[in-house]
**Student:** 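I have a structure here, written as structure tokens, and I will follow up with some questions on it.
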Amino acid sequence: MPTRRRRRSPPVEESHAKRARVNMWSRREPESAFNVKKCTTWFQEYTGPDEDSIGPEGMEKFCEDIGVEPENIVMLSLAWKLQAKNMGFFTLEEWLQGMTSLQCDSIQKVQQKLDYLKSLLDDTVHFKNIYRFAFDFAREKDQRSMDIETAKAMLSLLLGKHWCLYGSFHQFLEQSKYKVINKDQWCNILEFSRSIAPDLANYDEDGAWPVLLDEFVEWLREQNKMSS
């Protein structure tokens with residue numbers, strides 16, 4: 001009988017390389033990894049059969065699922081991350097863009113990001129960006145200005161807890177002739193709230209403030225005189 005030749009063992013390097021290839025193909029994507037398909041399927045839970053955007057009803061269900069009231073300011077922070085164009089609506093494109101940025105493809109992952117979304121509102125730069133975003137987000141798209149009722153609601157949400165003169169400003173708007181707020185006025189209200197002292201001591205009457213704020217200062221000083 002011919003002698004059987006002993007099989008040669010592969011070099012150590014070759015053996016390691018084969019194992020690495022096997023591991024590479026058999027390795028599964030970790031559970032925590034963001035998945036676009038999963039995110040899209042999740043989006044469709046809040047839309048109708050042929051709809052490509054989440055509307056008010058779907059938005060209400062989404063808020064209920066993540067445990068956040070629709071009026072909670074954190075929803076504005078989320079809308080900013082999604083760069084949503086219309087209040088009460090998220091398109092699929094906005095959803096995928098924003099959720100990819102947040103790396104969220106499930107209810108649980110969004111819930112884990114709520115503290116982060118709230119923290120954005122505590123950052124001066126991010127808050128300013130969210131505040132400016134809110135104007136275009138909340139206004140009627142066929143109008144260049146925001147109607148006064150919407151403006152008061154948004155200002156209450158954004159500045160109500162942070163600006164000590166907000167109560168007076170809201171009262172001023174209630175009795176004023178203004179029916180709309182334009183973007184310049186909107187942006188200047190934030191700057192006024194940040195830079196002008198509660199007693200108005202550093203208010204410059206010759207400054208470049210909009211007439212709206214000049215009138216507010218005049219009205220408030222009259223109110224203070226009457227109550228003193």
Side-chain angles (χ1 to χ4, degrees), residues 59 63 66-84 86-88 110-111 113-140 143-228:
M59 196 70 72
C63 289
I66 64 173
V68 173
E69 292 293 326
E71 302 81 14
N72 193 308
I73 194 170
V74 77
M75 289 302 296
L76 185 60
S77 185
L78 176 62
W80 176 68
K81 289 298 289 186
L82 271 60
Q83 287 300 292
N86 297 298
M87 188 161 61
V110 167
Q111 289 173 326
K113 288 286 185 178
L114 292 178
D115 285 341
Y116 162 71
L117 292 169
K118 289 174 186 174
S119 74
L120 296 176
L121 297 157
D122 297 325
D123 179 88
T124 304
V125 175
H126 282 136
F127 181 84
K128 185 175 183 177
N129 289 334
I130 292 169
Y131 179 90
R132 292 191 169 201
F133 160 81
F135 181 86
D136 290 320
F137 179 61
R139 70 178 171 85
E140 293 291 337
Q143 302 292 325
R144 298 187 58 153
S145 298
M146 187 190 296
D147 73 84
I148 197 68
E149 293 305 318
T150 302
K152 285 188 292 187
M154 295 302 290
L155 288 170
S156 176
L157 185 67
L158 288 156
L159 300 180
K161 294 181 180 178
H162 305 287
W163 183 25
C164 62
L165 291 179
Y166 174 74
S168 297
F169 187 68
H170 180 85
Q171 190 179 346
F172 164 74
L173 290 178
E174 286 275 271
Q175 56 84 61
S176 75
K177 64 181 184 296
Y178 290 94
K179 304 299 182 189
V180 296
I181 297 286
N182 63 40
K183 193 161 190 176
D184 180 62
Q185 292 167 333
W186 178 262
C187 293
N188 272 282
I189 290 167
L190 176 62
E191 296 308 312
F192 184 98
S193 73
R194 287 179 165 181
S195 60
I196 301 303
D199 63 359
L200 308 175
N202 62 337
Y203 184 78
D204 182 3
E205 294 180 1
D206 296 321
W209 297 107
V211 172
L212 168 73
L213 291 169
D214 287 330
E215 292 177 351
F216 167 60
V217 170
E218 184 180 345
W219 175 87
L220 185 56
R221 283 174 172 165
E222 285 296 319
Q223 295 297 306
N224 290 340
K225 280 181 186 177
M226 290 167 59
S227 60
S228 62

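What you see is a predicted model, and the numbers here were worked out from it, not measured in a lab.
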**Student:** Which pair of heavy atoms, one from Lys152 and one from Leu173, lies closest together, and at what distance?
**Tutor:** CG-CD1, 4.0 Å

**Student:** Verify side-chain contact (heavy atoms from CB on, under 4.5 Å) between Leu159 and Tyr131, making sure each step is shown before the conclusion.
**Tutor:** CA-CA 9 Å; Leu159 300 180; Tyr131 179 90; 4.2 Å; yes

**Student:** Looking at Glu140, I want to see if its CD is surrounded by more than 12 non-hydrogen atoms of other residues, nucleotides or ligands under 6.0 Å.
**Tutor:**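 No, the 6.0 Å shell around CD holds no more than 12 heavy atoms from other groups.
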
**Student:** Mind listing the closest non-hydrogen atom pair of Arg132 and Cys187 along with its distance?
**Tutor:** NE-SG, 3.8 Å

**Student:** To the nearest 0.5 Å, what is the distance between CG (Asn188) and CG (Leu212)?
**Tutor:** 9.0 Å

**Student:** First locate atom OH of Tyr203, then atom CZ of Phe216, and finally report the distance between them rounded to the nearest 0.5 Å.
**Tutor:** 10.0 Å

**Student:** In this structure, are over 12 heavy atoms from other groups packed under 6.0 Å from Glu218 atom CD?
**Tutor:** no

**Student:** Over all heavy atoms of both residues, which pair between Trp80 and His126 is shortest? Give the atoms and the distance, please.
**Tutor:** CH2-CD2, 3.6 Å

**Student:** Do the side chains of Leu76 and Leu158 get nearer than 4.5 Å, heavy atoms only?
**Tutor:**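 Yes; the side chains approach each other to less than 4.5 Å.
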
**Student:** What distance do Met87 atom CE and Arg139 atom CZ have between them, rounded to the nearest 0.5 Å?
**Tutor:**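 Going from the CE atom of Met87 to the CZ atom of Arg139 covers 12.0 Å.
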
**Student:** Below 30° counts as parallel, above 60° as perpendicular, anything between as tilted: where do the rings of His170 and Tyr166 land?
**Tutor:**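 If you compare the ring of His170 with that of Tyr166, the planes turn out tilted.
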
**Student:** Take Thr124 and Arg194 through the side-chain contact (heavy atoms from CB on, under 4.5 Å) test and state the conclusion after the steps.
**Tutor:** CA-CA 10 Å; Thr124 304; Arg194 287 179 165 181; 3.5 Å; yes

**Student:** Could you pull out the closest heavy-atom pair between Ala197 and Asn202, with the gap in Å?
**Tutor:**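 Shortest heavy-atom contact: N-OD1, 2.8 Å.
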
**Student:** If you count heavy atoms of other groups shown closer than 6.0 angstrom to CD of Gln175, is the number above 12?
**Tutor:** yes

**Student:** First locate atom NZ of Lys113, then atom CG of Leu120, and finally report the distance between them rounded to the nearest 0.5 Å.
**Tutor:**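 With rounding to 0.5 Å, NZ (Lys113) is 10.0 Å from CG (Leu120).
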
**Student:** Set out, in order, the CA-CA distance, both residues' side-chain angles and the distance that settles side-chain contact (heavy atoms from CB on, under 4.5 Å) for Glu191 and Lys128, then state yes or no.
**Tutor:** CA-CA 9 Å; Glu191 296 308 312; Lys128 185 175 183 177; 3.5 Å; yes

**Student:** Would you give the length of the straight line joining atom CD1 of Ile66 to atom CG of Leu114, rounded to the nearest 0.5 angstrom?
**Tutor:**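 Separation between the atoms: 5.5 Å.
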
**Student:** CD of Glu174: more than 12 outside heavy atoms within 6.0 angstrom?
**Tutor:** yes

**Student:** Using the rule ring pair (Phe, Tyr, Trp, His ring centres under 6.0 Å), only one of Trp186, Trp209, Phe169 pairs with Phe192; which is it?
**Tutor:**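 Output: one option passes, namely Trp209.
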
**Student:** How many angstroms lie between atom CZ of Phe172 and atom CG of Leu165, to the nearest 0.5 angstrom?
**Tutor:** 12.5 Å

**Student:** Please report the closest heavy-atom contact between Ile189 and Trp163, naming both atoms and the distance.
**Tutor:**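 Residues Ile189 and Trp163, closest heavy atoms: CG2-CZ3, 4.2 Å.
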
**Student:** Trp219 vs Ser168, test: side-chain contact (heavy atoms from CB on, under 4.5 Å). Steps then yes/no.
**Tutor:** CA-CA 9 Å; Trp219 175 87; Ser168 297; 4.2 Å; yes

**Student:** Quick one about Gln185 and Tyr178 (side-chain donor to acceptor, distance below 3.5 Å, no hydrogens or angles considered), yes or no?
**Tutor:** no

**Student:** Heavy atoms only: give me the nearest Cys63-Met75 pair and the separation to one decimal.
**Tutor:** SG-CE, 3.5 Å

**Student:** So, does Ser156 use its side chain to make a donor-acceptor pair with the main chain of Ala153 at under 3.5 Å?
**Tutor:** no

